[in-house]
K.L.:
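Let me give you the structure first, and then I'll get to my questions.
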Amino acid sequence: MNAAKYIRYILTIATALLFFSACKDDKNESQPTDFILRVDESVSIKLPNSTSYTITTNNSAISYELSGKILTVTAIKEGKATLTVILDSGESHNYSFTISANSYQMGFTIDSTPRIESWISGSTVKTEETAGLQVSCEPGMDITGSPTDKSTRSYGFTYVETGKLLRFSAQGDFSQKGILNNGIMATRNNDNTPIQYETCTVSIEKVNDAGKIWFTLQFTDRSDIRIVTEIF
């Protein structure tokens, strides 16, 4: 069989399978009801036929959006959640979600959780006491999220519901006290406002044996920001 005939053969089989799948009755489709996601990951679920849907969840660890019969569920934070969908017939369907930290988030809660001083009105934000706050550390990423060399790290603190964020990146040796290079901070008040970038001097004040770091971000026209992180 030559190449052209081989390609036509594959396309014919694929078309036939696609047509067969499209003709299947929705009632015969079997879909999973238990999902394992990492933070920021999403999954789309095709719901059974109904003229309307009533959707509830028992945990803010997930968010959801319905478009027609497609329910898109996004993992917001670590935890377990059950999402219940009730059809217009009264039939109920439950979907379970187990959410773990994303790779760049792992390690923040090994010994203690990070805190930020003087970011918001001179207050101290303790992440373990602040609902809806996500934290991240991205080695090899700059402040825009673009890949760069391994000596650069980007740290982020984001309020998921409002979009308010603080993010900074720097380059250098994160294993010892000293001044890092190329320090820059990004802030945003909410999803509807632009991100503001500021250069800053990023210094490491302390590093303990477990890798816990005390950062100070220094600016020319505003108070310093102090961040205590955890090992990554």
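Just so you know, residue 1 is the first one in the sequence shown, and it goes up from there. These numbers come from the heavy atoms of this one structure, side chains and all, not from hydrogens, waters or symmetry mates.
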K.L.:
Angle class for the F215/F168 ring planes (parallel below 30°, perpendicular above 60°, tilted otherwise)?
P.N.:
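Because their plane-to-plane angle is over 60°, the rings of F215 and F168 count as perpendicular.
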K.L.:
Is a side-chain N or O of R188 found less than 3.5 angstrom from the main chain of G163, in a donor-acceptor match?
P.N.:
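Indeed, once roles are kept as given, a pair shorter than 3.5 Å links the two residues.
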K.L.:
Between F35 and V73, does a side chain to side chain contact (heavy atoms under 4.5 Å, CB included) hold up when you go through it step by step?
P.N.:
CA-CA 10 Å; F35 301 90; V73 180; over 6 Å; no
K.L.:
Which atom pair, heavy atoms only, marks the closest approach of I99 to K77?
P.N.:
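Residues I99 and K77, closest heavy atoms: CG2-O, 3.2 Å.
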K.L.:
Would M185 and Q196 count as a side chain to side chain contact (heavy atoms under 4.5 Å, CB included) here? Give the steps.
P.N.:
CA-CA 8 Å; M185 181 183 74; Q196 303 293 324; over 6 Å; no
K.L.:
Under 4.5 Å between side-chain heavy atoms, counting indirect links through other Ile/Leu/Val/Met/Phe/Trp/Tyr residues: same cluster for L66 and Y64 or not?
P.N.:
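Linked within one cluster.
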K.L.:
Where do T229 and K212 come nearest, in terms of heavy atoms and distance?
P.N.:
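Looks like O-CG, 2.9 Å.
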K.L.:
Applying side-chain contact (heavy atoms from CB on, under 4.5 Å) between R222 and each of I225, T220, D224, report the one that passes.
P.N.:
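Only one option passes, and that is I225.
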K.L.:
Under the rule for salt bridge (charged side-chain N to carboxylate O under 4.0 Å, His left out), what residues qualify as partners of D173, not counting sequence neighbours?
P.N.:
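Not a single residue meets the salt bridge (charged side-chain N to carboxylate O under 4.0 Å, His left out) criterion with D173.
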K.L.:
Is the closest side-chain heavy-atom distance between N190 and K164 below 4.5 Å?
P.N.:
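No. Closest side-chain heavy atoms not under 4.5 Å.
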K.L.:
Do V202 and R153 come within less than 4.5 Å of each other through their side chains, counting heavy atoms only?
P.N.:
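With C-beta onward as the side chain, the pair stays apart.
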K.L.:
Could you tell me the separation between the OG1 atom of T82 and the CG atom of D34, rounded to the nearest 0.5 Å?
P.N.:
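Interatomic distance, T82 OG1 to D34 CG, rounded to 0.5 Å: 9.0 Å.
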K.L.:
Are S154 and R167 close enough that a side-chain donor and a side-chain acceptor fall under 3.5 Å?
P.N.:
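Yes.
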K.L.:
Can you tell me how far apart OG1 (T201) and CZ (F219) are? Round to the nearest 0.5 Å.
P.N.:
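If I round to the nearest 0.5 Å, the distance is 9.0 Å.
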K.L.:
Could you check if a side-chain atom of Y95 sits within less than 4.5 angstrom of a side-chain atom of I45, using non-hydrogen atoms only?
P.N.:
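In contact.
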K.L.:
Rounded to the nearest 0.5 Å, how far does CG of N58 lie from CG of N94?
P.N.:
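One finds 9.5 Å between CG of N94 and CG of N58.
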K.L.:
With side chain to side chain contact (heavy atoms under 4.5 Å, CB included) as the criterion, how do Q171 and D149 come out once you've worked through the C-alpha distance, each side chain's angles and the decisive distance to 0.1 Å?
P.N.:
CA-CA 9 Å; Q171 181 185 40; D149 62 87; 3.2 Å; yes
K.L.:
Are any side-chain N or O atoms of N59 and backbone N or O atoms of K80, one a donor and one an acceptor, separated by less than 3.5 Å?
P.N.:
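Yes, because the side chain of N59 sits within donor-acceptor range (under 3.5 Å) of the backbone of K80.
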K.L.:
Indicate if L217 and V135 have the same hydrophobic cluster label, given that clusters are the connected sets of ILVMFWY residues with side-chain heavy-atom separations under 4.5 angstrom.
P.N.:
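Result: yes, single cluster for both.
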K.L.:
Is the number of heavy atoms from other residues, nucleotides or ligands within 6.0 Å of CD1 (I179) greater than 12?
P.N.:
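Yes.
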K.L.:
How close do L165 and A186 get, heavy atom to heavy atom, and via which atoms?
P.N.:
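Looks like CD1-O, 3.6 Å.
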K.L.:
Answer with yes or no whether the side chains of T51 and D88 bring together a donor and an acceptor at under 3.5 Å.
P.N.:
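Judged by distance alone, the side chains do pair up.
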K.L.:
In Å and rounded to the nearest 0.5 Å, what is the OG to CD1 distance from S42 to I76?
P.N.:
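Atom-to-atom, S42:OG and I76:CD1 are 8.0 Å apart.
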K.L.:
Would you give the length of the straight line joining atom CD of E205 to atom CH2 of W214, rounded to the nearest 0.5 angstrom?
P.N.:
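Output value for this atom pair is 11.0 Å.
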K.L.:
Regarding S63 and E65, is there a side-chain donor-to-acceptor distance under 3.5 Å anywhere?
P.N.:
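Judged by distance alone, the side chains do not pair up.
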K.L.:
Would you say I62 ends up clustered with L71 if hydrophobic residues are merged whenever their side chains have heavy atoms under 4.5 Å apart, either directly or through other cluster members?
P.N.:
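Linked, L71 and I62 end up in one cluster.
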K.L.:
Between T84 and H93, is any pair of side-chain heavy atoms under 4.5 Å apart?
P.N.:
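No, too far: nothing below the 4.5 Å cut-off.
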K.L.:
Can you check whether I86 reaches Y53 side chain to side chain, under 4.5 Å on heavy atoms?
P.N.:
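No - every pair of side-chain heavy atoms lies 4.5 Å or more apart.
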K.L.:
Find the distance between CD (E41) and OG1 (T74) and round it off to the nearest 0.5 Å.
P.N.:
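Atom-to-atom, E41:CD and T74:OG1 are 10.5 Å apart.
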K.L.:
Could you state whether I195 and V160 fall into the same hydrophobic cluster, counting links through intermediate Ile, Leu, Val, Met, Phe, Trp or Tyr residues with side-chain heavy atoms under 4.5 angstrom apart?
P.N.:
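Cluster IDs for I195 and V160 differ.
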K.L.:
Write down the atom of M141, the atom of T152, and the distance for their closest heavy-atom approach.
P.N.:
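M141 and T152 have their closest heavy atoms at O-CG2, 3.5 Å.
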K.L.:
Is V207 close to F174 at the side-chain level, that is, under 4.5 Å between some pair of heavy atoms?
P.N.:
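F174 does not reach V207 side chain to side chain.
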K.L.:
How about T98 and S96: do any of their side-chain heavy atoms sit closer than 4.5 Å?
P.N.:
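Result no, sub-4.5 Å side-chain heavy-atom pair not found.
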K.L.:
Closest heavy-atom contact between D142 and T148?
P.N.:
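Closest pair (atom of D142, atom of T148, distance): N-CG2, 3.8 Å.
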K.L.:
Does some side-chain heavy atom of P48 sit less than 4.5 Å from a side-chain heavy atom of E91?
P.N.:
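No. Closest side-chain heavy atoms not under 4.5 Å.
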K.L.:
What verdict does the side chain to side chain contact (heavy atoms under 4.5 Å, CB included) test give for I227 and L166, after you've listed the backbone C-alpha separation in whole Å, the side-chain angles of each residue and the deciding distance to 0.1 Å?
P.N.:
CA-CA 11 Å; I227 298 173; L166 180 149; 4.1 Å; yes
K.L.:
Return yes if a side-chain donor-acceptor contact under 3.5 Å exists between N49 and K69, otherwise no.
P.N.:
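Indeed, the side chains of N49 and K69 share at least one donor-acceptor pair under 3.5 Å.
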